[in-house]
Amino acid sequence: MRLAKTNISLTSKLSIVATSVVILTLAVLGLYFDGFLQQSFLDNAQQRIQHGYKRLAYNLNAIEGDLFRGIALVNTDRVMRASIDLINTYQDKNDYNTYLIDEEKKTIALMLLNQAKASFNDGIVLYDQNQELVAYVKKQGDHYELGFLSFEGGETQLYVRDETDAEYRAQPLTPLAVLARHDHDDAAAPEQPDLIRLSYHRSGGDLAIRSHLHLGGRETRRGGANIELTKILDRDYFNNLSADLDIDLTATFDDPGAGKVQILGGPLAVDMPRVVQDDSEFSAVMKRKTDDGFVYFTARMHKTKFNKSFRDNRTAFLLLLAGVAVVMLMLTRVLIQKNLAKPLGALMTQIDKIEKQDYALSGTVATGDELEDISASITQLALTVQQRETSLRESKGVLQQQIREREKAERLIRKLSQAVEQSSVAVVITDTDGAIEYVNNKFTASTGYTFDEVRGRNSRFLKSGHTPPQEYALLWETISAGNEWRGEFHNKRKDGTLFWETASISPIKAPDGAIINYLAIKEDITGRKRTEQALLEAKESAEYANRAKTNFLANMSHELRTPLNAIIGFSQMLKDELFGPLGSEKNREYVHLINTSGEHLLAIIRDILDLSKIESGEEEVEDQDVSLSALAGECAAMLSERAGKKALSLAVDFDAGHGRIRGDRIKIKQVLLNLMYNAIKFTPAGGSIIVTFRDRQDGAVELLVKDSGIGIPEQDIPKVLNPFEQLEESSILSKEGTGLGLTLSKKLMELHGGTLTIESQVGKGTTVVCHFPPERVIRPE
């Protein structure tokens with residue numbers, strides 16, 4: 001029976017309700033849009049300014065880290081320590097050994113220059129145990145100025161030179177900006193040697209960050225020296241940072257008076273800044289404590305772009321609202337027609353078929369709501385009778401299939417039983433209390449007990465007393481929780497002999513998940529245990545011998561280097577005849593031999609010390625962003641004079657900035673200097689040396705040092721990579737050296753996860769390849 005029609009259809013009523021809801025919703029969104037958009041712009045400005053402060057805090061933290069690590073490297077530099085000890089021991093203002101002490105101070109100035117460049121600092125200064133200036137380095141534009149303090153005839157004299165100059169020149173001793181903040185009383189406190197302090201200062205209108213370190217004496221913990229590193233943050237620094245952040249960030253030492261100023265903490269502790277706005281800009285101020293008061297960091301964002309974006313977004317949003325209203329109304333009409341009117345018609349057709357006793361399948365109304373449920377129920381009602389008849393016919397076939405599956409399962413059980421009995425590992429099944437219900441033949445062979453002897457017994461009768469009780473407690477805790485336990489037992493056989501076995505014990509569960517048995521799979525590993533013990537003892541013996549060798553080398557290198565510095569210095573004085581002529585030519589020859597032999601021995605000791613550090617595991621890689629092109633250029637500049645003396649062509653052949661990796665800049669530089677020095681040494685006059693670079697398809701990069709030198713026979717290449725090995729062939733010139741350069745370079749590359757290989761032909765030259773793995777390569781974004 002059909003329902004009577006109403007004057008207004010259900011579809012029309014629903015369309016009117018949907019239209020009203022859409023219009024009301026869009027009106028509410030329009031009213032609140034302006035407030036939301038304004039708040040959004042304020043939140044955006046606040047987040048960008050906070051990001052700027054976080055970036056500033058991160059940069060300050062990174063600079064502090066560079067200053068800390070840079071001065072820490074000086075603290076661990078044994079050469080610097082030895083030089084400081086020499087100054088403290090032999091320097092006398094009234095009886096000043098000008099040549100010996102001044103030459104040592106020049107060496108210290110060069111070491112300070114290398115440290116300033118390596119840590120990208122603007123200045124570094126060293127004081128002796130009497131708080132007298134020893135040497136300093138400070139940045140002057142694109143170059144560094146080096147200086148040291150001398151006492152000629154008891155009078156104080158300052159000598160300075162630019163890093164590009166060869167000679168020092170005398171200069172009046174005037175206050176130096178980079179030295180002005182040294183606090184002698186605090187930094188030189190003998191009760192706190194080797195303590196690094198970081199401090200902020202006002203340097204004119206710029207911000208200076210310094211790290212301070214008192215280097216304690218070797219024996220008495222008194223004396224020693226003081227050292228400071230300085231980084232200057234000038235106006236250019238903040239201009240560049242502002243351009244990078246797209247906000248105006250400035251620093252001043254005068255309080256801007258912009259309300260309550262917040263403290264700038266570390267990069268992970270920067271609070272949301274208090275942003276103030278007017279008609280033209282957003283602004284905020286944060287401060288940080290310095291030794292001269294506070295430095296104030298002001299961040300500004302101009303509103304010109306924000307105001308234009310606000311107007312544009314308001315117009316676009318209003319147009320969007322209008323478009324959405326039209327689309328939603330049209331879509332509502334279509335959805336009502338599709339999901340209500342048509343399904344109702346199809347449902348009435350199904351009812352008509354049932355009234356006529358037509359139970360044939362008809363399509364279900366697919367609406368995903370109550371109408372679809374009603375349609376499915378009607379269809380199910382029509383199919384019930386037909387399904388009951390069909391199920392009776394299928395029952396016979398199902399029963400026959402179950403009989404076949406049962407026979408198949410019984411065959412599988414017989415196979416599994418045979419497999420367990422014939423297994424090469426011991427199998428034990430117990431009840432939930434640990435009482436044995438089954439063991440296979442391998443268990444009998446391993447323990448000597450038959451099944452009848454162990455049936456119903458707890459497995460604890462196998463205990464030897466060598467397995468800790470805690471291990472058994474953990475076992476029962478694990479398997480009682482329904483998990484698998486794996487471990488080892490030291491058990492006892494029936495004849496009393498001990499044996500090791502590995503075991504995997506897991507619960508056997510009923511269909512409802514309850515544990516009904518435990519299954520143990522065991523394997524005799526006594527032979528393997530004996531082998532492992534023998535290998536462990538051999539390994540410990542080898543490691544002990546290696547540690548003893550490494551400690552011996554380190555101690556000998558340390559004890560020999562200090563007197564060698566004095567031998568080299570005094571022999572140089574004799575060689576230059578500072579205290580009068582030596583007399584015969586034979587005397588000059590002997591003095592020259594003493595000096596060169598001392599230099600050679602010092603180089604050997606230095607290489608031995610570096611090699612012993614690596615082999616003992618004390619050497620670590622300090623990752624930095626390293627430009628291989630820039631590093632190669634520095635090394636070429638350092639060795640250009642040595643190459644020029646032999647009329648050699650020394651070139652760096654790859655684009656500037658190409659080849660950036662993550663690694664230890666000092667260690668990579670040491671590798672490159674060793675390789676280039678070897679190339680100069682073994683290349684005849686008039687030859688060429690090229691440092692170049694290439695990418696690998698797998699993402700790795702390689703740095704190559706090529707020369708046109710005498711070359712190495714192919715069969716001898718492995719020898720040159722071994723410590724203290726040098727080649728002396730009739731076709732190869734014998735060269736003086738330590739025999740450690742290539743070995744040390746290879747070890748330093750392996751510390752970076754890379755390799756060092758040699759390609760060479762006698763008479764044609766040698767190419768040394770430094771391979772850096774893909775994970776150390778920094779790719780352009």
Side-chain angles (χ1 to χ4, degrees), residues 53-77 80 84 112 115-116 118-129 131-139 144 175-216 224-238 241 249-255 261-270 285-297:
Y53 282 125
K54 284 187 175 182
R55 175 71 176 275
L56 174 62
Y58 175 83
N59 287 0
L60 295 176
N61 191 59
I63 291 171
E64 291 178 359
D66 289 340
L67 291 170
F68 189 95
R69 287 187 293 271
I71 208 165
L73 285 175
V74 176
N75 190 23
T76 58
D77 190 334
M80 176 71 78
I84 292 172
L112 294 179
Q115 182 58 46
S119 54
F120 304 102
N121 292 311
D122 295 318
I124 180 169
V125 58
L126 176 69
Y127 298 89
D128 65 12
Q129 62 183 359
Q131 307 304 324
E132 294 285 359
L133 172 67
V134 175
Y136 73 89
V137 171
K138 68 174 181 177
K139 197 166 187 180
Y144 285 89
L176 303 169
V178 74
L179 314 179
R181 300 300 304 181
H182 177 68
D183 187 344
H184 299 278
D185 294 335
D186 181 45
E191 65 275 7
Q192 291 184 312
D194 303 330
L195 175 65
I196 299 175
R197 299 187 304 106
L198 290 169
S199 59
Y200 284 65
H201 307 273
R202 181 173 184 172
S203 178
D206 299 326
L207 177 63
I209 307 176
R210 291 190 172 92
S211 61
H212 316 254
L213 173 66
H214 172 66
L215 302 174
N226 292 283
I227 192 164
E228 291 181 348
L229 270 70
T230 301
K231 180 68 178 180
I232 302 296
L233 276 61
D234 56 12
R235 183 169 300 180
D236 289 340
Y237 171 83
F238 285 99
L241 183 59
L249 187 63
T250 58
T252 178
F253 290 89
D254 300 322
D255 189 346
V261 180
Q262 297 168 263
I263 299 296
L264 178 63
L268 299 179
V270 175
V285 180
M286 300 191 86
K287 66 181 180 179
R288 177 167 282 193
K289 178 70 175 176
T290 73
D291 284 14
D292 307 299
F294 285 96
V295 57
Y296 299 88
F297 303 103

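Fair warning: this is a prediction, and the values are worked out from it, not measured in the lab.
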Asker: Please determine whether side-chain contact (heavy atoms from CB on, under 4.5 Å) holds for the pair L229 and D66, giving the CA-CA distance in whole Å, both sets of side-chain angles, and the decisive distance to 0.1 Å.
Answerer: CA-CA 10 Å; L229 270 70; D66 289 340; over 6 Å; no
Asker: List for me each residue that meets side chain to side chain donor-acceptor pair (under 3.5 Å) alongside S199, sequence neighbours excluded, and say none if there are none.
Answerer: H201, H212
Asker: I need the R55 CZ to L249 CG distance, nearest 0.5 Å.
Answerer: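 If I round to the nearest 0.5 Å, the distance is 10.5 Å.
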Asker: Evaluate the side-chain proximity of V295 to K287: yes if any heavy-atom separation is below 4.5 Å, no if none is.
Answerer: no
Asker: Are D255 and Y296 close enough, and set up right, to give a side-chain contact (heavy atoms from CB on, under 4.5 Å), and what steps lead you there?
Answerer: CA-CA 7 Å; D255 189 346; Y296 299 88; 3.8 Å; yes
Asker: What distance do L67 atom CG and D122 atom CG have between them, rounded to the nearest 0.5 Å?
Answerer: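 If we round to the nearest 0.5 Å, L67:CG and D122:CG are 9.0 Å apart.
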Asker: Going through the checks in order, is the side-chain contact (heavy atoms from CB on, under 4.5 Å) test met by Y200 and E64?
Answerer: CA-CA 10 Å; Y200 284 65; E64 291 178 359; 2.6 Å; yes
Asker: Would a 4.5 Å heavy-atom cut-off, applied to side chains only, mark I232 and K139 as touching?
Answerer: no
Asker: Can you name the salt bridge (charged side-chain N to carboxylate O under 4.0 Å, His left out) partners of R235, sequence neighbours left out?
Answerer: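 Partners of R235 under the salt bridge (charged side-chain N to carboxylate O under 4.0 Å, His left out) test: none.
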Asker: Given side-chain contact (heavy atoms from CB on, under 4.5 Å), test T230 with V125 step by step and report yes or no.
Answerer: CA-CA 9 Å; T230 301; V125 58; over 6 Å; no
Asker: Shortest non-hydrogen contact from D234 to D206?
Answerer: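 Closest pair (atom of D234, atom of D206, distance): CA-OD1, 3.4 Å.
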Asker: Verify, without hydrogens or angle tests, whether R69 (side chain) and I71 (backbone) share a donor-acceptor contact under 3.5 angstrom.
Answerer: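 Judged by distance alone, no pair lies under 3.5 Å.
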Asker: Give a yes or no answer on whether the side chain of Q115 reaches the backbone of G70 with a donor-acceptor pair at less than 3.5 Å.
Answerer: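 Yes; at least one donor-acceptor contact below 3.5 Å.
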Asker: To the nearest 0.5 Å, how far apart are OH in Y237 and CG in L56?
Answerer: 6.0 Å
Asker: Rounded to the nearest 0.5 Å, what separation is found between the CD1 atom of I84 and the CG atom of D128?
Answerer: 9.5 Å
Asker: When you measure from the centre of the six-membered ring of F294, is the NZ or CZ of K289 under 6.0 Å away and within 45° of the axis?
Answerer: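 Pair K289/F294 counts as cation-pi.
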Asker: To the nearest 0.5 Å, what is the distance between NZ (K231) and CG (N59)?
Answerer: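 One gets 10.5 Å once the value is rounded to the nearest 0.5 Å.
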Asker: Can you tell me which residue among V261, T250, L264 is in a side chain to side chain contact (heavy atoms under 4.5 Å, CB included) with F297?
Answerer: L264
Asker: Rounded to the nearest 0.5 Å, how far does CG of D236 lie from CG of L241?
Answerer: 12.5 Å
